[in-house]
Student: 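Take a look at the following structure, please.
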2 protein chains.
Amino acid sequence: MKTKARPEPKTKHDYAAQAEIIKAMAHPTRLLILNSLKKKEVCVCELRDLVGDDISTVSKHLSILKNAGLVAARREGNWLHYRLICPCVLDFTGCIAGIKR
Amino acid sequence: MKTKARPEPKTKHDYAAQAEIIKAMAHPTRLLILNSLKKKEVCVCELRDLVGDDISTVSKHLSILKNAGLVAARREGNWLHYRLICPCVLDFTGCIAGIKR
DNA sequence: TTGCTATTTTGCCAAATTGCCAAATAGATG
DNA sequence: CATCTATTTGGCAATTTGGCAAAATAGCAA
């Protein structure tokens, strides 16, 4: 039987890596995109309609999410379908919802 | 018996509010502070030593966390002790740790 | 009151972020 | 090849953020 794992203390580097991912989520449009991908993959053009910004703006948000490792794309003909890689990032919402200022 | 609650669709305003809180967490120093408060409240001067930045910088990070509703302060003489209001925000870390780029 | 300590606020500046438009790219199709 | 569609990239201005230092504030004690 294993002894209970004791986590190493986190370094500044660890926190920087975490912050990169959290920063990618820290934008209203990107939260909307992530939530839109909760149940199914969605095409960029659909996301543009949902978001309502210029397509180039939406694309930039997607590349930020992609670089953070939060979403991935699959090409199908001319369309790119984005999907959520780690749906658990949306569980966060439940905790956040309980915070009142 | 109640029927299962069906969440309302989130508005841009909802996402903006969520983003505010997440943005407050999206900085290495602020993640370090939040984790330092995981088990017990901590004085500002201790946090300054942990973080290593100028005291005014630490104070600014604390005010960002406070405005986001993530921490609160309790005065004891000259010292201010900060504590984590919603420890659940640290559960997030588990999901984040699974993300690889 | 004065002085002392802990903390916050203000001012400043460099760096990063945001969003739009235009241009470039990738893939499909003729 | 040319052309069309979907998407990304580059450039730019406006705004926001981060960190230090100086000044201001809050509470305690003499």
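Lettering follows sequence order; numbering is per chain, from 1.
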Student: Is it the case that the side chain of B/R75 and the backbone of B/G77 share a donor-acceptor pair, with hydrogens and angles ignored and the cut-off at 3.5 Å?
Tutor: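 At least one qualifying donor-acceptor pair exists.
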Student: Do the side chains of A/L90 and A/L84 get nearer than 4.5 Å, heavy atoms only?
Tutor: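 Touching, per the 4.5 Å side-chain cut-off.
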Student: Over 60° means perpendicular and under 30° means parallel, so tell me whether A/H61 and A/H27 are parallel, tilted or perpendicular.
Tutor: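 Answer is tilted, since the angle falls between 30° and 60°.
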Student: Considering residues at least two apart in sequence or located in another chain, which fulfil the side-chain hydrogen bond (donor to acceptor under 3.5 Å, both in side chains) criterion with B/T11?
Tutor: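 side-chain hydrogen bond (donor to acceptor under 3.5 Å, both in side chains) check on B/T11 returns B/D14.
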Student: Under 4.5 Å between any side-chain heavy atoms of A/Q18 and A/K10, yes or no?
Tutor: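 The answer is yes, as the side chains (C-beta and beyond) meet within the 4.5 Å cut-off.
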Student: Mind checking if A/L80 touches a base, just sugar-phosphate, or nothing, with heavy atoms under 4.0 Å?
Tutor: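 Result for A/L80 = sugar-phosphate.
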Student: Among all residues two or more places apart in sequence or in another chain, which pass the ring pair (Phe, Tyr, Trp, His ring centres under 6.0 Å) test with B/Y82?
Tutor: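 So B/Y82 forms no ring pair (Phe, Tyr, Trp, His ring centres under 6.0 Å) with any residue.
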Student: In whole Å, I'd like the distance from the NZ atom of A/K66 to the P atom of D/dT9.
Tutor: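 Result: 6 Å.
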Student: Less than 4.0 angstrom from a charged side-chain N to a carboxylate O is my criterion; do B/E76 and B/R74 meet it?
Tutor: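 Salt bridge between B/E76 and B/R74, a charged N being under 4.0 Å from a carboxylate O: yes.
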Student: Against A/L70, only a single residue in A/L62, A/I33, A/V89 fulfils side chain to side chain contact (heavy atoms under 4.5 Å, CB included); can you say which?
Tutor: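 That would be A/V89; it is the only one of A/L62, A/I33, A/V89 passing the side chain to side chain contact (heavy atoms under 4.5 Å, CB included) with A/L70.
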Student: Give the residues of residues 36-46 of chain B touching DNA chain C, defined as any heavy atom closer than 4.0 Å, sorted by residue number.
Tutor: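 Close to the strand are B/C43, B/V44, B/C45.
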Student: Does any non-hydrogen side-chain atom of B/L47 lie less than 4.5 Å from one of B/S36?
Tutor: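 A side-chain contact exists here, since the closest heavy-atom pair is under 4.5 Å.
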Student: 5' to 3' on DNA chain C, which nucleotides open and close the contacts with chain A (atom under 4.0 Å from a heavy atom)?
Tutor: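 Here the contact window of chain A covers C/dT17 to C/dA28.
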Student: What pairs with B/S56 under side chain to side chain contact (heavy atoms under 4.5 Å, CB included), at least two apart in sequence or on another chain?
Tutor: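 Per chain and number, B/S56 pairs via side chain to side chain contact (heavy atoms under 4.5 Å, CB included) with B/D54.
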Student: Calculate the interatomic distance between B/L62 atom CG and D/dT17 atom P; express it in whole Å.
Tutor: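 These atoms are roughly 17 Å apart.
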Student: Go along nucleotides 19-28 of chain D 5' to 3' and tag each nucleotide: B for a protein heavy atom under 4.0 Å from its base, S when only backbone or sugar atoms are that close, - otherwise.
Tutor: BBBB----BS
